[in-house]
Structures are given as C-alpha cells and as structure tokens.
There are 2 protein chains.
Amino acid sequence: MESFRAHLDKFIKINDEEYTSILSFFTILQFKKKENLMKEGEICKSLFFVSVGCLRKFFVNEKGVEQTTEFAIENWWMTDTFAFERQTKSDFNIQTVEKSVVLSIDLKSQELLLQKHPVMEHYFRMVYQKSCAAAERRIRYLYEFNREELYLQFSTQFPWFIQRIPQYLIASFLGFTPEYLSEIRAKLRS
Amino acid sequence: MESFRAHLDKFIKINDEEYTSILSFFTILQFKKKENLMKEGEICKSLFFVSVGCLRKFFVNEKGVEQTTEFAIENWWMTDTFAFERQTKSDFNIQTVEKSVVLSIDLKSQELLLQKHPVMEHYFRMVYQKSCAAAERRIRYLYEFNREELYLQFSTQFPWFIQRIPQYLIASFLGFTPEYLSEIRAKLRS
DNA sequence: CGTCTCGTTGAGAGTTTTCAATGTAAGTGG
DNA sequence: CCACTTACATTGAAAACTCTCAACGAGACG
C-alpha cells in the first residue's frame, strides 16, 4: 500500500507509525474485472479507495439500461455518499471495470479513525472539497455541451482514459447511447 | 447571526465564546435582489454562506444565455470551489435571486479559522460531504430523467421553491428553455 | 400611458433515441 | 489452435424529444 501512503502525504504530514495505525482501519480487497462491490438496494456499508484499477458507479434505469454516473481510478474514493453517511440502502451499484486493488472502510471504523487521527478530518475535508469542485465542473459541462461536444471535450481531456475503457461505458458515462457514439465518431472521422 | 449559530450546532459543539471568535472571521454582507457577488473571470476570493435569502450560480454559454447550475438558500454554502481553493479566476457568476444576508470569508481567513478552531475541520468535512452527496443525487437525476420528468420531479419535491423563484430560472436550472417549460406545463395542465 | 419583464403559443428545424440488422473482435472450452 | 459463443461496435431509417425564432399577452412599475 505504498500508493496510499504517497497519496496521504500530498495532504497531511504523518510518520510511519501513524501510517501503520491509519492503514489498520482499512481492509485490503482484490477484485477481478466486473466484480460487484456494492449493489443497488443493499445497505451501503463501505467507502472504497482505489489503489490499483478502476471502479464505476451505475444505476439501472426504468428501461433496464445501466447508466454509469462516475468512474474512480487510482487514488479516488467511491461510495454512495448519501447512503453511506446514513447507513441506508444504496441507490447505486459499484463494479470493477478492471482487475483492482481496493481499500475498504466502514462507517464505524471511519469514525474511530477520525477520532484517533484528527489529522484525517483535514484529509477528508480536502478530499470532499476536491470532489465537490469536480462535481461542479462536471455539472457545468453537462449544461454547457451537447452530446457530441461532451464526447469531444472528454476525449481530448482524457485520451488515455478513452483507451483504457470500452466505448459503451464511455457512452453510458456521457449519458447517451452506444449507437449515437458510433455516429459521432463516424462524423468526426470523416 | 442566530441562524448561523443554530446551523453550526447541528454539527459541532461550541460555546458562546468560541462562536463569537468563529463569527469574527466572517464579514456580514447585505444584498438587494439581483446583485452580483462574484463574476466569471475574476479571481474567486470568497466563500459565501447564505443566512437569509437565495443565491444562484450561473455561467454564460456561447449563445450568450445564462445557465443556472445551482441555487443556495438559507444555511447553504456557495462558491466556485475549484477556483476558490486555488485562488484562480472563477468560472461562474454568483448573484442574489432575492434580497439576502450573506456571510463571506476569504481563503486566508478560512485557513486561520481552521487553525484556531480545529473543530471547524470536522464541520467543513461534514458540509462538503453532504454537498458531494447532493451532487451525486443531482447527477443521477440528470441521467435518469428527461426534461419533462425533471420538472415533475423537481416541482413535486420542492413545491415551495417553485413558488419562490421565477419560472425562467427554474427552466435554466433544469437545463432547458423557458419556452419548453411552458409547453411542459401546458401538457401537464391538460 | 408607455415600457420592461415574464410567460405562452405554434411552426419548423435540429438533436438524440429506438429498433433491427450486420459486422467484428475477443474469450472460452475442446 | 480451432470452432463456438458472447460481447462489443457500426449503420440506417423512423420516431421522439427539445430548441429556435417570431409573435403575442399579461402584469409590474415608473
């Protein structure tokens, strides 16, 4: 878990002993591709930190289609924040997109962690703050661009991610159908 | 500023002396309807807390139309989080929708506040966490519903807000044109 | 009274989805 | 390694959704 340590170091100053203690509050989990970490309708027990790999969050709409709302790659956190905070049923599914290594913590452990290591309040404050900032930007893009522009924007901003992820997930994340993405790509190609 | 105290009390335990000290880091501002608190392109200096009234955050799209992305009513915070954190140019405008009373704090003051009152780290962690939770829900709705359903959803969930705000701002917030909102309302009426 | 803002209506145009069919790449078990 | 199956990507036509534009009506306010 060297990567988690490096990540924490970007926000807070801790020594080896503290790090060992902090890490002890988490469970390390390994997943294959397309394994489920959380299911819609089940109590949202865990907050996940992606150490290696990629997760996606999605729900199933009334037509039975999976709508991806978020990806999490290395050094990102993911859960249904609303449901985790209240320990209620999750509104989302979380699934690996690739083989992944994930740190997991439950609410009670997080509370104990914050109690024992107050510096982690600062850490999580910063993480949530960045997460809010990202959400604000995300929402702006959704209002500013039409589907074609969203794809163009996304593929120029994260070309390496486009390579990494199947296209139908990109389409799902950008909020349109795989067919329409094909059409857009055909148009851009010509 | 009794309302701010009551709001803080929901998250943290502080005495009168601490509260007085905390409040001293803020500036109290009064605004009339449609006054500007922040402008796109200017350095994002302030984080705002709405004590009374209502703010909206918007940007101007390439067609010159104002797109509202967020409202803040009593006990909500608002800024361009990304720009505030980095003290860079704001990507959004912030304007009052009604006559409002607002607490304002700049980044340096917030840092001093957090230093002097570590309990505020916890407070802001909770606030940002809730904000993230709201954003996750918001994004889900944007993916789940078409415009008509968005309006239906919004108007049944926040009927009191629909009363409070002019319709063209509702349309802007939900991401469609006032004309289309009229059409939806006509359809629902019949 | 005139002006401005806001809400409404309708026609036509643009965007995006649906559905069904086909093609292609990739994984699996023998 | 091949044959089979499944998952993913593409195409095209018709339908559904949403926007644009121009015009009109109603109310607020100086």
Side-chain angles (χ1 to χ4, degrees), chain A residues 31-36 54 56 58-68 71 95-99 141-155 161-190, chain B residues 32-36 54 56 58-68 71 95-99 141-155 159 161-190:
Chain A
F31 296 100
K32 288 180 285 192
K33 194 172 174 174
K34 293 207 180 183
E35 276 198 271
N36 290 314
C54 179
R56 73 183 179 106
F58 67 96
F59 66 93
V60 178
N61 70 17
E62 78 287 350
K63 283 166 195 148
V65 177
E66 294 182 358
Q67 281 286 351
T68 302
F71 291 111
Q95 195 179 75
T96 52
V97 174
E98 310 167 342
K99 190 167 160 243
Y141 287 148
L142 291 176
Y143 281 102
E144 190 164 16
F145 301 123
N146 64 19
R147 314 293 211 215
E148 178 174 342
E149 290 166 334
L150 272 180
Y151 175 71
L152 213 59
Q153 170 75 24
F154 188 75
S155 62
F161 194 69
I162 297 271
Q163 312 288 12
R164 190 168 163 179
I165 302 296
Q167 297 205 358
Y168 72 98
L169 286 184
I170 303 288
S172 175
F173 174 71
L174 294 177
F176 47 83
T177 59
E179 292 93 331
Y180 193 54
L181 177 52
S182 274
E183 201 172 312
I184 292 171
R185 285 164 51 82
K187 199 157 101 186
L188 293 177
R189 234 179 289 129
S190 64
Chain B
K32 288 181 287 192
K33 196 173 172 173
K34 289 203 182 190
E35 277 198 270
N36 290 315
C54 180
R56 75 184 179 107
F58 66 95
F59 66 93
V60 179
N61 69 17
E62 79 286 351
K63 284 167 195 149
V65 177
E66 294 183 356
Q67 281 286 350
T68 302
F71 291 111
Q95 196 181 73
T96 52
V97 175
E98 311 167 342
K99 187 166 163 247
Y141 287 148
L142 290 175
Y143 280 103
E144 189 164 17
F145 300 124
N146 65 19
R147 312 293 210 217
E148 179 175 339
E149 291 165 333
L150 272 180
Y151 174 71
L152 212 60
Q153 170 76 23
F154 188 74
S155 62
F161 195 69
I162 298 271
Q163 312 287 11
R164 191 169 164 179
I165 303 295
Q167 297 206 358
Y168 72 97
L169 286 184
I170 303 288
S172 175
F173 174 72
L174 295 177
F176 47 83
T177 60
E179 293 94 331
Y180 194 54
L181 178 52
S182 274
E183 198 175 326
I184 292 171
R185 285 165 51 82
K187 201 157 98 184
L188 292 177
R189 237 179 288 129
S190 63

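So that the names make sense, note that chain A is the first sequence line, chain B the second, and so on, each numbered from 1.
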Do any side-chain nitrogens or oxygens of [X] fall under 4.0 Å of OP1 or OP2 in [N]?
X: A/R185; N: D/dT10; answer: yes
X: B/K63; N: D/dC19; answer: no
X: B/Y180; N: D/dC19; answer: no
X: A/K34; N: D/dA7; answer: no
X: B/T177; N: D/dC19; answer: yes

Can a donor-acceptor pair be found, under 3.5 Å and without considering hydrogens, that links the side chain of B/S155 to the backbone of B/I162?
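Flag not set: sc B/S155 to bb B/I162 has no pair under 3.5 Å.
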Would you check if the side chain of B/Y151 reaches a backbone N or O of B/N146 as a donor-acceptor pair within less than 3.5 Å?
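Looks like no, no N/O pair under 3.5 Å.
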As a quick check of understanding, evaluate salt bridge (charged side-chain N to carboxylate O under 4.0 Å, His left out) for A/E66 and A/R56, giving each step before the final call.
CA-CA 11 Å; A/E66 294 182 358; A/R56 73 183 179 106; 2.5 Å; yes
Measure from [atom1] on [X] to [atom2] on [N] and round the result to the nearest Å.
X: B/Q167; N: C/dT5; atom1: CD; atom2: P; answer: 18 Å
X: A/L169; N: D/dA9; atom1: CG; atom2: C1'; answer: 13 Å
X: A/N146; N: D/dC17; atom1: CG; atom2: C1'; answer: 14 Å
X: B/F176; N: D/dT18; atom1: CZ; atom2: C1'; answer: 10 Å
X: B/Y143; N: C/dT17; atom1: OH; atom2: C1'; answer: 16 Å
X: A/Y151; N: C/dT17; atom1: OH; atom2: P; answer: 15 Å
X: B/N61; N: D/dC19; atom1: CG; atom2: C1'; answer: 12 Å
X: B/E179; N: D/dG25; atom1: CD; atom2: P; answer: 17 Å

Nearest to the side chain of B/R147 - D/dT18, D/dA9, C/dT9?
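That would be D/dT18.
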With the side chain of B/R189 defined as its heavy atoms from C-beta on, choose the nearest nucleotide among C/dC6, C/dT9, C/dT16.
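Of all the options, the side chain of B/R189 is nearest to C/dT9.
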Looking only at the aromatic ring of each residue, does the gap between the centers of A/F161 and A/F71 stay below 6.0 angstrom?
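That pair passes the under 6.0 Å test.
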Which pair of non-hydrogen atoms, one from A/L150 and one from A/L174, has the smallest distance, and what is that distance?
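Heavy atoms only, the tightest pair is CD1-O, 3.7 Å.
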